Trainee: 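Here it is: the structure, laid out below.
Owing to the predicted nature of the structure, the values given are computational and were not obtained by experimental measurement. Letters A, B, ... are given to chains in the order of the sequence lines, protein chains preceding strands, and every chain is numbered from 1.
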Amino acid sequence: MLLEVANLTKRFGGLQVLDDVSFALHEGEILGLIGPNGAGKSTLFNLITGVYRPNEGQIRFQGKSLVNLKPHRVCRRGIARTFQLVKIFPSMTVLENVLAGAVYGRSSGRKNALAEARGCLEILNLAEVSDTPAAHLTYSDRRLVEIARAIAAKPRLALLDEPLAGLNPAETEKIMGVIKDIRSLRGISIIWIEHKIDAVFNVCDRIVVLDYGRKIAEGQPREIAAHQKVVEAYLGEPLA
Amino acid sequence: MLDFIPPIDILLQLLINGVLFGTMYGIAAIGLSLIFGTMRIVFIAQGTMIILAAYGSFWLFNLWSVNPYVSILIVVPASLIVGSGLYQVLFRKVAREGQFPTLLIAFGLMALLENLMSVVFSADARAIQTSYAAYALTFMGLKISFTRLMAFVMAVAGTVGVAFFLKKTLLGKAVRAASENLEYAMLVGITPHMVNTLTFAIGIGLAGLAGVATATAYAFDPFSGFVFSLKAMIALALGGMGNVVGALLGGLLLGVIEAFGAFFLSGGWADVISYAVFLLVLMFKPEGLFASGTSAKP
Amino acid sequence: MKTMGQNSKSKRRLALTVVVVALLTAVPGVLDPETSYVVFLLFSAFIYVALAQAWNLVSGYTGQVSLGNHAFFGLGAYVIAIGWSRGLIGYLDPLGMLLAGCAAAILGILVGIPLLSKLRGDYFALGTLGLGEILRLVTIQGRALTAGPTGIFLPSSSFTTIVPYYFMALFLALLATGVTYYMVKSNTGLALVATRDDEAAAAAIGINILKFKVLAFAVGAFLAGLCGALQAYYVFHVEPQGFFSLSWTIYPVLMCVLGGVGTLTGPVVGAVFLTAAFEVAKYYLPEIHPIFSGLLIILVIMFLPNGLVRLRRGRIVRNPKAA
Amino acid sequence: MANPLLNVVDLNVFHGEAQALWDISFQIQAGEVFAIIGSNGAGKSTILKTLAGLLRPSAGRVEFLGSRIDGRSAARIVDLGLALVPEGRGLFSGLTVAENLELGAFTKRARPLMKQTMEEMAATFQIIRIRSDQLAGKMSGGEQQMLAIAKALMSKPRLLMLDEPSLGLAPLVVKTVFEIIATLKQQGVTILLVEQNIHQALRIADHACVIKTGRITLVGTGKELLSDPEIHKAYMGSLR
Amino acid sequence: MMMTLRGPRLMGLSLVFVAAMMLGLPTAVPAADKNEIVIGATLPLTGMLSMMGAEQKWAYEQAAADINAEGGIYVKEYDKKLPVKLIVADNETDAGKAVAAIERLVKVDKVDFLLSDSTLPLVMPTAVAAEKWKVYYHATICLLPPWQEQKFKWSTDYFFDGAQATAVPFEVLDTIPEADRPKKLALLAEDSTDGRILGPIFKEAGKQYGYEFDYEEPVAVGSKDYSSQILKLKSKGIDGAILFAGSGDCVTFVRQMKEVGLNLKYLHGYKGTWGTEFWNALGQDAEYILADGFWSETYPYPRAEEIGERYYQNFNKRSVSIGLFYALCQTLFQAIEAAGTLDGAKVREAVLTTEFKGTVMGDIKYNPDGTAVFPLAAFQWQEGLLRRVYPFVEGASPVLIAPPWDKR
């Protein structure tokens with residue numbers, strides 16, 4: 001078991017954002033995390049990465065608790081992430097962005113980090129723009145840079161928060177390929193929040209569905225697709 | 001240094017003096033708070049604006065024998081106009097550039113005004129000399145300076161006026177709305193420039209009021225504004241930024257701290273204490289001592 | 001980054017730097033330092049370069065607007081004054097100056113940790129501003145240790161020539177620029193700029209934000225402390241009013257802004273330019289030049305908010321599509 | 001067809017240097033409900049923000065009541081009668097319910113009618129009557145959403161734009177919100193609705209369009225789209 | 001990080017610009033044949049002390065104009081009279097800036113001599129600078145002990161003697177009939193360099209005259225509120241005080257004294273009470289308050305009255321200090337003539353050995369250690385005018401006891 005989330009609960013003021021959520025992730029798995037807006041998916045990421053502290057519940061990574069660790073510590077344990085609203089470092093070049101990920105993740109030494117960074121840029125087909133200031137990239141390239149930066153930290157687990165949002169079909173295909181590559185080439189496990197459900201169904205091994213802060217379903221894509229509650233959660237009510 | 005235990009009436013007198021003087025910090029802090037709340041400008045020239053207004057009142061009295069309390073009618077409206085002008089000329093363009101450009105402009109304005117005043121008015125300490133300048137009321141054996149009491153009344157009136165404006169008028173509500181969320185405010189038809197001009201005018205208008213109070217009750221020179229600004233910042237930090245009543249309370253608290261500090265230690269240490277309180281509050285309770293229980297955002 | 005195929009460019013830059021430094025080194029040999037005012041002006045310009053660079057590192061690269069340069073500057077000066085007047089360190093003593101810098105750095109760390117972990121930008125600026133005021137007031141109350149408001153007089157008979165001051169100031173300017181260059185170009189720089197650009201993302205890739213903010217703050221404090229130490233040796237009289245004067249913060253800030261915040265050459269350009277401009281203003285407008293300075297600050301910010309260095313870059317790489 | 005109330009022609013919008021909308025065109029007739037649907041990040045909110053004057057289009061034009069409004073200030077646009085309830089509801093949480101409503105009528109046109117409109121709102125929305133002195137921030141999500149709509153109506157809008165009114169609300173509350181929208185429609189208010197709850201949205205909409213990665217992919221009446229399999233694919237992908 | 005690579009070129013440009021500016025600064029050509037004596041002074045023309053600086057500058061200019069009207073100073077070395085050229089540089093009331101200004105006077109303007117800056121915090125560092133550049137510095141308004149401690153070789157200091165100055169109140173008090181004298185005295189010295197130095201000396205002087213202070217405490221500089229302290233005075237029954245503070249602080253203090261109802265029979269102000277502005281700010285409430293003064297135009301010395309009158313014509317107010325600055329110039333000019341050269345060391349020698357006669361401060365004689373003293377005067381506000389009550393030489397008025405506030 002790479003990651004275990006047990007009975008996780010988070011409240012903001014009176015608002016219950018996550019309610020007793022439990023699931024586990026196996027080594028090498030790609031886990032889809034879906035659910036309507038406001039279901040608590042990003043909050044879950046923020047809890048895992050130490051941005052927030054849970055009110056109740058446990059998070060264990062490789063058997064050790066992550067609760068109360070600061071975000072940078074969580075990263076050094078081997079969990080990297082991307083953000084729903086792309087967060088790159090606009091005043092750095094693409095290579096510098098990724099290098100920062102490599103240096104402060106788990107690479108040792110500048111030389112190794114540089115090689116690592118270049119390797120990541122290769123995988124994501126960003127080598128050509130490596131000296132471009134990140135501020136000047138297209139939206140989809142920013143997404144790619146963010147992913148490259150995350151995997152440059154050599155994580156065991158990557159948390160991807162809507163990497164496909166705002167991308168056109170070609171770009172979507174590209175990133176789906178990248179996600180598969182990350183696992184196959186680097187052996188990184190992935191939890192993937194996504195609204196583009198077809199993509200999730202095509203790539204993920206398993207899917208967890210959240211709605212109003214609760215886990216309403218978990219299983220293989222085929223099971224989830226047939227799950228009545230999931231369809232309701234997404235389309236509002238049963239189809240006529 | 002506690003060489004004697006002070007009788008209770010002296011303690012009360014200290015409290016009164018502290019409160020009376022603290023309102024001056026408070027009223028300066030309210031102006032800062034408004035300007036900071038809507039534009040995120042740390043307007044370090046506020047104290048210097050107060051001194052400028054004090055000179056206005058001083059010269060009105062000395063050249064045309066305008067009663068200083070009547071001069072409010074001239075100085076405050078003039079300050080309102082100067083305030084909106086300052087925003088239009090100095091800050092309108094730069095307000096979007098972020099924090100330190102505006103801070104530096106405020107600092108430049110301070111340097112400019114201080115030296116302009118010292119050249120034009122000379123660096124001598126001034127004070128308005130009236131028949132009641134050093135008159136004190138006696139109340140239950142306690143002496144209450146008339147001019148300071150008037151300054152207190154003016155400060156309270158100013159605070160109440162601003163609070164009324166913010167609470168009860170549509171424009172005031174618009175100011176509060178804009179300082180809470182500018183984008184939402186724009187969606188209901190509030191224009192940022194209007195709100196900014198308004199808050200700057202009011203902020204400097206308050207400086208005008210404080211200036212008259214200073215001129216009547218205290219001695220001042222062109223350079224005494226900076227310390228005023230710093231103290232107002234402390235009051236602001238104590239009260240919590242963007243909080244009108246908190247700013248006044250912060251000022252009162254600071255005044256009382258200083259009065260007692262000066263009595264029990266010495267004048268020099270009183271200042272050290274107020275800055276130390278300032279740093280401690282910033283470090284451990286940056287939302288201010290009087291912050292209302294708004295839910296801490298996640 | 002030199003690994004990025006900019007070798008020829010960086011070589012040219014290096015060569016230019018070497019030439020400039022060589023020229024500056026030759027100045028006291030060409031001009032008679034005892035009679036030439038230029039040597040002195042350069043000396044004060046160098047101190048401002050170092051101070052501006054110190055602020056640049058904290059605020060330009062890390063994004064924390066500090067108004068506490070003068071606190072560290074004054075502290076450095078007092079370390080020298082107290083140490084020298086008690087015979088613990090000597091005249092133009094490098095170890096003493098190092099001590100002064102370290103004292104400032106330690107204060108920076110002690111104050112930086114609580115301030116930087118708790119405060120947002122505006123509050124941090126105010127907090128550091130308060131720090132300078134506190135130190136000034138405490139030295140006034142410092143009785144025998146700081147000699148109160150009188151300040152400490154140092155044995156001025158030690159002075160023989162301005163030459164060592166010139167070179168020490170040059171060294172400080174180079175040190176500050178070099179340290180900034182090194183920090184920015186090294187892994188540290190990645191962390192600093194990452195933190196400035198986006199704290200959440202920086203933390204997510206394993207950067208200990210607080211550590212790097214405090215590090216930059218402490219290094220800035222160290223450099224400011226060194227400058228204060230040298231100024232103490234130069235004036236031979238360390239007193240609270242002058243050494244904890246806010247102008248030791250504001251002028252460097254202005255120089256950075258004029259030259260270009262967050263650039264390596266910006267503070268250098270700004271410091272040299274403004275030192276000269278203020279000098280000329282003082283000469284021709286002896287009684288009203290502070291008005292001119294105030295006006296200059298306002299005009300610079302209003303019309304050159306990004307500074308000279310940035311201005312040029314902006315023109316070259318402007319993206320026409322940007323709305 | 002009569003002259004449309006709102007005519008959007010070839011709108012192109014950038015977020016910084018990344019293009020967010022491509023050639024968006026649609027019309028809204030007076031009195032109808034028009035829905036824009038699409039997944040997260042597709043650009044729905046960007047359209048609304050551009051129409052409301054918060055963003056400036058780089059190309060294209062927006063005509064409202066026959067005159068161009070693109071490039072005008074947000075304040076001018078709301079005065080002309082285009083009110084937006086933004087994502088996040090746009091309430092001033094530190095102000096009371098009554099104050100929020102008053103500010104809703106801040107525009108020159110609406111201000112003289114404030115009292116009267118307020119009474120109308122009190123008639124429509126129960127909560128306003130009971131809790132006018134309560135801080136808006138202290139109300140529940142559903143109440144806030146009602147208040148947000150009421151506040152927008154205070155400006156006497158000719159076109160009301162709602163950005164995801166059902167976001168983060170419990171199913172029962174969502175139902176109430178849509179009932180309100182239906183009532184407004186009956187009262188003749190023209191509504192531009194952005195929703196991800198497609199069923200609810202399409203059922204109430206006269207016309208709708210689907211937006212995907214910044215481009216309009218489908219246009220039609222609500223009914224047509226409701227039964228269009230493409231819609232389900234857009235959301236649920238290979239679910240079907 | 002996108003380092004801009006255009007920096008160096010810009011830097012080069014700015015260096016050129018700076019060089020151009022340097023050329024813009026007029027540089028004096030070292031004259032092979034001297035045709036004027038260049039005397040420089042750094043003064044607080046801007047900032048806190050700009051009032052004092054302006055007054056001092058005026059006095060220097062008068063003295064220079066007066067000597068030039070006589071054709072200048074005869075210098076034996078050149079066998080002719082050389083006119084005086086006075087150059088005043090601003091120090092912004094800041095020690096660091098003062099030192100930089102000296103640097104410019106020495107190196108750009110090539111001054112032959114330096115005249116005094118204003119007040120100890122500025123005079124001391126400028127004296128150090130003069131020491132560095134070996135230019136003779138003719139100083140004043142700097143308390144003697146700190147100056148003596150430094151054993152300066154290139155400056156002299158002409159100021160009042162602490163013991164004499166602090167004895168003034170007691171000498172004046174002694175003239176009051178014993179029954180009317182205040183019973184309990186307080187010493188309130190400002191929390192500044194001067195205040196700290198003078199505080200203990202006041203106590204010492206008091207002892208010698210048989211007076212004791214029942215209360216003493218430093219006064220915070222620039223505070224707007226002294227009521228805490230005044231309350232303490234009142235609670236201790238103080239009825240006489242020496243107040244050493246700046247003018248704004250003195251105004252505040254006196255006002256609050258009246259507000260709180262503290263009656264002092266005798267209030268001797270130092271530094272802050274002699275200005276016309278002090279009277280203007282307090283009006284009748286300033287009556288009976290004493291003030292110190294460096295000089296008086298009522299002194300029975302040549303031209304004292306004339307200089308005072310000239311000042312009055314110019315500024316429409318009286319001064320108790322310009323005579324000191326004027327006399328300072330007089331002694332420097334006389335010393336230059338006596339030395340017969342512009343060599344700083346020799347002129348200093350001449351300053352120490354010459355007996356200066358008939359200055360507006362009377363006769364002046366320097367001690368071998370480079371100091372010279374003058375008696376500090378005391379004035380009392382009487383009907384809006386400063387009447388000299390000390391020294392008790394010709395023209396002095398008797399001191400009056402202040403009635404309680406409610407009896408005025």
Trainee: Is Leu246(C) in contact with chain B via its backbone, its side chain, both, or neither, using a 4.5 Å heavy-atom distance?
Mentor: side chain
Trainee: Would Ser59(C) and Ser66(C) count as having a side-chain donor-acceptor pair, cut-off 3.5 Å?
Mentor: no
Trainee: Name the option with the most non-hydrogen atom pairs under 4.5 Å to chain B; the candidates are Ile297(C), Ile250(C), Leu295(C).
Mentor: Ile250(C)
Trainee: Under a plain distance cut-off of 3.5 Å, with no hydrogens placed, do Thr263(C) and Thr265(C) share a side-chain donor-acceptor pair?
Mentor: no
Trainee: Please look at Phe226(B) and chain C and tell me whether the side chain, the backbone, both or neither of the residue comes under 4.5 angstrom of a heavy atom of that chain.
Mentor: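 Only the side chain of Phe226(B) comes within 4.5 Å of chain C.
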Trainee: According to salt bridge (charged side-chain N to carboxylate O under 4.0 Å, His left out), who are the partners of Glu114(B), at least two apart in sequence or on a separate chain?
Mentor: none
Trainee: List the residues meeting ring-ring contact (aromatic ring centres under 6.0 Å, His included) with Phe21(B), not counting sequence neighbours, and say none if there are none.
Mentor: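 If we apply the ring-ring contact (aromatic ring centres under 6.0 Å, His included) test to Phe21(B), skipping adjacent residues, the hits are Tyr25(B), Tyr218(B).
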Trainee: Where on Leu296(C) is there a heavy atom nearer than 4.5 Å to chain B: the side chain, the backbone, both, or neither?
Mentor: neither
Trainee: With only heavy atoms counted, which part of Leu230(B) is less than 4.5 Å from chain C, the side chain, the backbone, both or neither?
Mentor: side chain
Trainee: Does Glu133(C) pair with Lys231(B) as a salt bridge, N-O distance under 4.0 Å?
Mentor: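 A salt bridge is absent here (no side-chain N lies under 4.0 Å from a carboxylate O).
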Trainee: At a 4.5 Å cut-off on heavy atoms, which part of Val120(B) comes close to chain C: side chain, backbone, both, or neither?
Mentor: neither
Trainee: Where on Ile140(C) is there a heavy atom nearer than 4.5 Å to chain B: the side chain, the backbone, both, or neither?
Mentor: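 Nothing of Ile140(C), per the 4.5 Å heavy-atom cut-off to chain B.
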Trainee: As a quick check of understanding, evaluate ring pair (Phe, Tyr, Trp, His ring centres under 6.0 Å) for Trp55(C) and Tyr48(C), giving each step before the final call.
Mentor: CA-CA 10 Å; Trp55(C) 186 83; Tyr48(C) 275 123; over 10 Å; no
Trainee: What part of Leu113(B) is in contact with chain C, defined as an atom under 4.5 angstrom from a non-hydrogen atom: side chain, backbone, both or neither?
Mentor: neither
